[in-house]
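Input: a single structure, listed below in structure tokens.
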Amino acid sequence: MDKTPVIFWFRRDLRLVDHPALEAAAERGPVLPLFIDDAVLREPSGANRLHFLSASLRSLDRSMGGRLVVRSGDPVRVLEELAGEIEASSVVATADFGPYGRRRDERVERELDSDHFSVSFLDSPYAVPPGTITTKTDTPYKVFTPFFRAWTERGRPQPSPAPEVEWVTGPATEGIPEAPEVTADLPPAGEDAAAERLDWFLGGPVHDYHECRNDPGIDGTSRLSPYLKWGTLHPRQILARLGRSSGEDVFRSEIAWREFYADVLFHRPDSARHAFVDTLAAIEYDEGPVADERFERWCRGETGYPIVDAGMRQLVAQGWMHNRVRMIVASFLVKDLHLDWTRGARWFMQHLVDGDLASNNHGWQWVAGTGTDAAPYFRVFNPTTQSAKFDGSGAYLRRWVPEIAHLSDARIHEPARDETGPPAGYPEPIVDHAAERNEALARYERAKGHR
Ligand SMILES: Cc1cc2nc3c(=O)[nH]c(=O)nc-3n(C[C@H](O)[C@H](O)[C@H](O)COP(=O)(O)OP(=O)(O)OC[C@H]3O[C@@H](n4cnc5c(N)ncnc54)[C@H](O)[C@@H]3O)c2cc1C
């Protein structure tokens with residue numbers, strides 16, 4: 001093996017097991033593990049995500065015997081400087097498929113790749129790298145089901161054990177960025193915590209996943225999203241262990257949704273901020289002081305619709321929200337309050353510990369009817385019937401909205417209609433769902449007429 005050092009640049013792949021890019025670096029020579037604290041990525045990340053990132057980095061550092069070098073600044077300059085200091089011949093990293101990551105990596109390649117220094121972006125944070133599956137006519141998929149079929153047929157390599165690495169020590173580190181103070185109760189971070197949660201989930205709950213995944217009152221989903229976000233777990237490691245039970249089949253398809261949205265964003269980076277389909281580009285959203293006040297109440301979980309309030313309070317308290325409830329609160333913001341989906345998406349990104357541009361913004365667009373998968377414009381979630389259907393016992397509502405915890409299972413979903421009047425301290429509904437549903441449909445009809 002050549003003794004010239006190689007820089008391994010960790011980004012969204014903060015693990016040692018099943019790490020083809022790290023393995024490739026280790027085969028070239030001694031490895032200097034680097035993390036770059038890039039202000040461009042730091043600024044839009046909320047405190048919860050930064051806190052979790054910091055804890056994930058500490059865990060990674062421990063598993064490498066405290067050798068992680070952290071430097072802050074522009075990635076090109078940091079890499080250039082470090083390569084000079086240790087006389088490295090190359091940098092290796094896992095490829096990034098997001099809009100900023102791709103621009104950054106293209107610049108790194110353009111400015112640093114030369115006869116004397118090689119730049120390699122390998123592997124992917126996904127089981128199938130975004131951009132590699134296309135239709136028979138070589139166009140990107142816009143609908144999930146055919147994408148899922150092609151993704152399933154494609155197959156994938158088995159996960160590999162942690163590679164043998166000769167680590168380089170010596171260069172100065174600025175240290176892992178301080179974790180910002182948070183009030184949210186976040187999950188434990190790191191590769192071991194991810195593996196533990198995966199073992200727990202595959203050891204039982206996955207077999208009931210097809211039946212329990214929509215019930216926010218129980219711990220029926222994997223909660224692996226923050227680990228997937230930071231790559232302390234790779235989807236290959238999950239998929240390789242899934243069998244063919246109904247729960248495992250449904251779980252596999254949920255993993256594929258993450259891959260689908262990454263693929264969509266890869267082909268249409270503009271869809272991070274703008275409608276994916278322009279059919280509804282002319283939809284009228286409310287603005288001004290009343291709209292702002294409604295937005296504030298939505299954020300605080302004070303809409304008077306218990307399932308919406310429970311979800312918004314869970315988001316702040318845990319930096320996470322159950323998927324069914326994400327859909328309900330998103331629909332409420334867009335179709336009951338008539339606010340632009342991007343406002344809600346930004347609030348989510350400020351709080352979610354799993355906040356991910358592709359899954360979040362396309363999750364929002366799916367609900368708003370501006371996204372992929374032929375989401376019909378008339379799909380307006382009724383927050384009261386959704387609540388009764390998916391949280392029938394009211395367990396989720398009682399946990400997050402204590403003001404209404406004393407109400408019976410039948411009454412808890414609609415406290416304003418309780419014969420004793422609305423419970424003390426809990427607001428009346430800020431809007432009337434039936435009226436706002438009609439208003440949303442009228443706006444959609446007008447927007448369609450503008451085409
Ligand atoms: C409005 C809205 C915003 C969302 N924002 C995000 C986000 O920022 N980050 C994020 O990871 N997910 C997001 N999702 C998707 C989904 O809600 C979360 O992935 C899921 O709730 C995470 O919990 P879990 O790990 O227990 O999921 P599980 O049900 O256990 O699913 C396993 C994994 O599959 C993937 N997955 C499941 N459902 C989806 C989905 N609908 N879209 C994409 N991937 C999915 C996730 O990686 C998840 O960890 C959003 C959904 C909506 C409707």
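Take Asp354 and apply the salt bridge (Lys or Arg N to Asp or Glu O under 4.0 Å) test, not counting sequence neighbours, and it matches Arg326. The salt bridge (Lys or Arg N to Asp or Glu O under 4.0 Å) search around Arg154 returns none, not counting sequence neighbours.
Remark: Asp96 engages Arg104 in a salt bridge, criterion side-chain N to carboxylate O under 4.0 Å. Using a 4.0 Å cut-off between a side-chain N of Lys or Arg and a carboxylate O of Asp or Glu, Glu248 and Arg241 do not qualify as a salt bridge. Looking at Asp356 and Arg12, a side-chain N of the basic residue comes within less than 4.0 Å of a carboxylate O on the acidic one, giving a salt bridge.
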Could you give me the CA-CA distance, side-chain angles and deciding distance for His19 and Phe8, then say whether ring pair (Phe, Tyr, Trp, His ring centres under 6.0 Å) is met? CA-CA 11 Å; His19 205 322; Phe8 187 80; 5.2 Å; yes
Given Trp298 and Phe332, is the ring pair (Phe, Tyr, Trp, His ring centres under 6.0 Å) satisfied, shown in steps? CA-CA 9 Å; Trp298 177 83; Phe332 191 81; 8.6 Å; no
Stepwise side-chain hydrogen bond (donor to acceptor under 3.5 Å, both in side chains) test for Asp13 and Thr94: CA-CA 7 Å; Asp13 51 355; Thr94 301; 2.5 Å; yes
From CA spacing to verdict: ring pair (Phe, Tyr, Trp, His ring centres under 6.0 Å), Tyr209, Phe251: CA-CA 7 Å; Tyr209 182 74; Phe251 188 63; 5.1 Å; yes
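Considering only heavy atoms from C-beta on, Tyr396 stays 4.5 Å or farther from Phe390 through its side chain. In this structure, the side chains of Asn48 and Leu352 stay at 4.5 Å or more apart for every pair of heavy atoms. Residues Pro44 and Met349 form no side-chain contact, since every pair of their non-hydrogen atoms from C-beta on lies 4.5 Å or further apart. Residues Pro187 and Arg223 have side chains not in contact (no heavy-atom distance under 4.5 Å, counting atoms from C-beta outward). Contact of the Lys389 side chain with the Thr385 side chain is not registered, since no non-hydrogen atoms from C-beta on lie closer than 4.5 Å.
A cation-pi geometry, defined here as NZ or CZ lying under 6.0 Å from the six-membered ring centre and within 45° of its normal, holds between Arg156 and Trp151. Cation-pi contact between Arg102 and Phe266: present, with separation from the ring centre below 6.0 Å and deviation from the ring axis of at most 45°. Geometrically, Arg343 engages Phe295 in a cation-pi contact defined by less than 6.0 Å to the ring centre and at most 45° from the axis.
For Phe147 and Tyr261, the ring centers sit 6.0 Å or farther from each other. Trp366 and His362 have their aromatic ring centers separated by at least 6.0 angstrom. When ring centroids are compared, Phe148 and Tyr141 stay outside the 6.0 Å threshold.
Applying side-chain contact (heavy atoms from CB on, under 4.5 Å) to Trp230 and the options Arg11, Glu191, Arg49, Arg15 leaves one that passes, Arg49.
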